[in-house]
Amino acid sequence: MAGRVPDVHHIKPVRSFETEDAAHEPDNLIQLCRSCHAQMEQLTPERQRAIFERKESGPFDGTVS
């Protein structure tokens, strides 16, 4: 990602929080490149959660780091 501004992805969707501020806590955020972020958004919340918990590989290169 050298020279690029990373996208920020919410691990748990913003709509699942009572307040928007709670959704923006650092432990609910992950930085992804634009391409990976677009791919992540196509996955179900359950699949995203499994990837973040490292129960599955990511759709990108087989890993999420």
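Bear in mind that the values here come from a model prediction, so they are computed numbers and not experimental data.
Here the CZ atom belonging to F52 is positioned 4.0 Å from the CE atom belonging to M40, to the nearest 0.5 angstrom. Distance check, rounded to the nearest 0.5 Å: CD of Q48 to CD of Q42 gives 10.0 Å. Distance check, rounded to the nearest 0.5 Å: CG of L43 to CZ of R49 gives 12.0 Å. Taking CG from D27 and NZ from K12, the interatomic distance works out to 10.0 Å, rounded to the nearest 0.5 Å.
Using a 4.5 Å cut-off between side-chain heavy atoms of Ile, Leu, Val, Met, Phe, Trp and Tyr, with links allowed through other members, I11 and I51 fall into the same hydrophobic cluster.
When all heavy atoms of R34 and D7 are compared, the closest pair comes out as CA-OD2, 3.5 Å.
There is no side-chain donor-acceptor pair under 3.5 Å between Q31 and H9.
Although no hydrogens or angles enter the test, the distance criterion places a donor-acceptor pair under 3.5 Å between the side chain of N28 and the main chain of A23.
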